[in-house]
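This report refers to the structure that appears directly beneath it.
Residues take their numbers from the sequence shown, with the count starting at 1. All values derive from a computational prediction rather than experimental measurement.
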Amino acid sequence: MTLLVPFDGSELSTAALDRATEFGEFTGEDVVALAVIPPDAEFARDRGWLDPGEQFDTEMICTRLRQRVEDVAPDARFRCEETEETDYRATLTTDVTRTIRQVAADLQASIIFVGSENAGRVSTPLTSVGNPLSEDPRYDVHIVRHAD
């Protein structure tokens with residue numbers, strides 16, 4: 001089985017990767033850090049993936065995130081996926097969540113470690129992948145709310 005960590009380079013996703021790595025060492029499960037990149041420069045800038053004025057480049061963003069993963073968890077596998085635009089009514093969060101769920105199914109993930117400060121604070125947070133991911137019974141979800 002596999003431990004899956006959606007990774008965006010934030011403090012909480014880094015803490016989630018660290019905790020998944022510790023858990024994987026204890027259980028012998030592989031850890032996969034997953035970066036999901038929507039084709040949206042503003043989204044990328046909001047997450048600190050691009051500097052102001054820098055051109056959107058999925059490959060460059062993936063390379064940067066891969067380096068961050070290697071710095072935190074050198075033994076973790078890294079996977080980078082670009083979202084598919086499937087419905088004009090879907091939000092970027094919906095597209096990211098859909099991609100994470102597809103990868104979790106592909107990998108037969110046993111647990112997803114999600115770094116999210118707002119998951120669970122309201123019934124359905126609009127900007128968190130935590131709630132929609134927790135609805136799938138095929139895997140457990142470990143929500144990391146604190147980076148320290």
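Under the 4.0 Å criterion applied to side-chain N and carboxylate O atoms, Asp95 and Arg98 are assigned as salt-bridge partners.
Atoms CD1 and CZ, on Ile112 and Arg101 in that order, are 8.5 Å from each other to the nearest 0.5 Å. Distance CD/Glu22 to CG/Leu17: 10.5 Å, rounded to 0.5 Å. How far CE of Met60 is from OG1 of Thr63: 8.5 Å, rounded to the nearest 0.5 Å. For the atom pair OG1 of Thr21 and CG of Asp75, the computed distance is 8.0 Å after rounding to the nearest 0.5 Å.
With a 6.0 Å radius and a threshold of 12 heavy atoms from other residues, nucleotides or ligands, Glu70 has its CD atom above the threshold. For CD of Glu54, the number of neighbouring non-hydrogen atoms (other residues, nucleotides, ligands) closer than 6.0 Å is greater than 12.
Of all heavy-atom pairs between Thr99 and Glu81, the closest is CG2-CB, 3.8 Å. Closest approach of Trp49 and Leu65 over heavy atoms only: NE1-CD2, 3.9 Å. Between Phe113 and Pro6 the shortest heavy-atom distance is O-CD, 3.3 Å. Residues Glu82 and Pro39 share a closest heavy-atom pair of OE2-CB, 3.2 Å. Between Leu3 and Ser110, the shortest heavy-atom contact is CD2-OG, 3.7 Å. Minimum interatomic distance between Phe56 and Leu50 (heavy atoms only, all atoms of both residues): CA-CD1, 3.8 Å.
Here the side chains of Val96 and Thr83 are in contact, with some heavy-atom distance below 4.5 Å. When side chains are defined from C-beta on, Val36 does not count as touching Val103, because their heavy atoms never get closer than 4.5 Å. Between Thr27 and Met1 the shortest side-chain heavy-atom distance does not fall below 4.5 Å. Between Phe43 and Ile37 there is no side-chain heavy-atom pair separated by less than 4.5 Å. Taking the side chain as every heavy atom from C-beta outward, Glu42 and Asp46 approach each other to under 4.5 Å.
Annotation: cation-pi geometry not satisfied between Arg19 and Phe23 (NZ/CZ under 6.0 angstrom from ring centroid, within 45° of ring axis).
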> Would Gln102 and Asp106 count as a side chain to side chain donor-acceptor pair (under 3.5 Å) if you check the C-alpha gap in whole Å, the side-chain angles of each, and the deciding distance to 0.1 Å?
Replying inline: CA-CA 6 Å; Gln102 289 169 344; Asp106 290 347; over 6 Å; no

> side chain to side chain donor-acceptor pair (under 3.5 Å) between Thr91 and Thr94: does it pass, once the steps are laid out?
Replying inline: CA-CA 5 Å; Thr91 65; Thr94 301; 2.9 Å; yes

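Looking at Ile111, Leu107, Asp30, Val141 one by one, the single match for side chain to side chain contact (heavy atoms under 4.5 Å, CB included) with Leu4 turns out to be Leu107.
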